[in-house]
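Below you'll find the structure, written out as structure tokens, and then a few comments.
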Amino acid sequence: MVKRRLAYLLMLAFFLTMWIIGEGARKGTDDRAQEVIMEGNSGYRRWFTGFWNGPDAGTEKFLFAMQGVAGCAIGGYCLYKLNRKRDDRKS
Amino acid sequence: MHIAEGYLPPAHALAWWVTSLPFLQRGVKQSMKICEENRYSRLQLGLAAAFCLTLTSLRLPSVAGSCSHPTGIGLAVALFPPGVMAAIGFVVLLLQAVLLAHGGLTTLGANLMSMAVAGPWAAFFCMKLCTRVNLSRDTSIAAAVMIGNLVTYSVTSFQLALVFPDPHYGIAGALIKFLGVFAVTQIPVSMVEAVITVFVLRTASLQEWKLRW
């Protein structure tokens, strides 16, 4: 039980660390691909840019973080229930 | 993986939507069947979906000052038929397109095809092959996740190369160019994703759960 909790904490610490590093000044490959497209096709005009321009940088980071938190929360709940079922079966 | 809104012409966007819809329909059907089985299966499906949701929110740092998203397909492919990932991937991609303007609604068909169809099926066949040659379960899953991740971005490169062929070398030249953008970053990211997936499977004691493949 202690080992499992420690493992979950390690996973959470890893995700947080990766998120902090990844949200630094590093350029994403999706953005880089768009640059490559425009370099070779300067005349291309996007025919549709979406219904809204998307959030600003700070809000985007926040929303990505919320997505991660939601995923961790749902995953944590499912893991807890699954392991409880397994422990109940064993006992 | 996330082709932004408007970067695929209408004809291409529609073609990829039409191609991906049957997979999505099948994925939804399989997911509903799994949900009807029992609570255990529902929890596993929830866990796989949550894993994809979490991993796609991350930007993992990679070489040369770049970063990229993992695909999060590993857990779903390890626990369920690969078709299920189409349903999970659709929800994740739709959320990101609507809330974050990351990816797009017109390009959702293409993004679905790369991340939620081609990647998972490639991972599934890789796992089957690794099992046939008697590799360990962890090695099979790690290899499958890496292959699935790389195939996802290879398909994205192909989708872009079709629209933006190189003026001198055509589609092949453009494919190599886009692969050069994605592959250099994605190889280390896919390795990290493979390790995370195996770690989650082992830590959550999912070994004793019946793997459906």
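Letters go in sequence order (proteins before strands), and every chain restarts at 1.
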### Query
Rounded to the nearest 0.5 Å, how far apart are CD of B:Gln30 and CE of B:Met85?
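Taking CD in B:Gln30 and CE in B:Met85, the distance rounds to 13.0 Å.
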If I measure from the heavy atoms of chain A, does [X] come under 4.5 Å with its side chain, its backbone, both, or neither?
| X | value |
| --- | --- |
| B:Leu8 | backbone |
| B:Pro167 | neither |
| B:Tyr7 | both |

### Message
Using the side chain to side chain donor-acceptor pair (under 3.5 Å) definition, which of the options B:Glu5, B:His69, B:Gln96 pairs with B:His102?
### Response
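It is B:His69, the one option of B:Glu5, B:His69, B:Gln96 that forms the side chain to side chain donor-acceptor pair (under 3.5 Å) with B:His102.
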### Message
Please enumerate all residues that pass side-chain contact (heavy atoms from CB on, under 4.5 Å) together with B:Val91, with sequence neighbours excluded.
### Response
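With sequence neighbours excluded, B:Val91 shows a side-chain contact (heavy atoms from CB on, under 4.5 Å) to B:Leu95, given in chain and number order.
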#### Entry: Partner chain B: residue of A:Ile37, A:Leu63, A:Ile74 with the largest heavy-atom pair count (under 4.5 Å)
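So the answer, after comparing A:Ile37, A:Leu63, A:Ile74, is A:Ile37.
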### Message
For B:Asn149 and B:Thr152, which I'm curious about, is there any donor-acceptor pair between the side chains at under 3.5 Å?
### Response
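No, no side-chain donor-acceptor contact under 3.5 Å.
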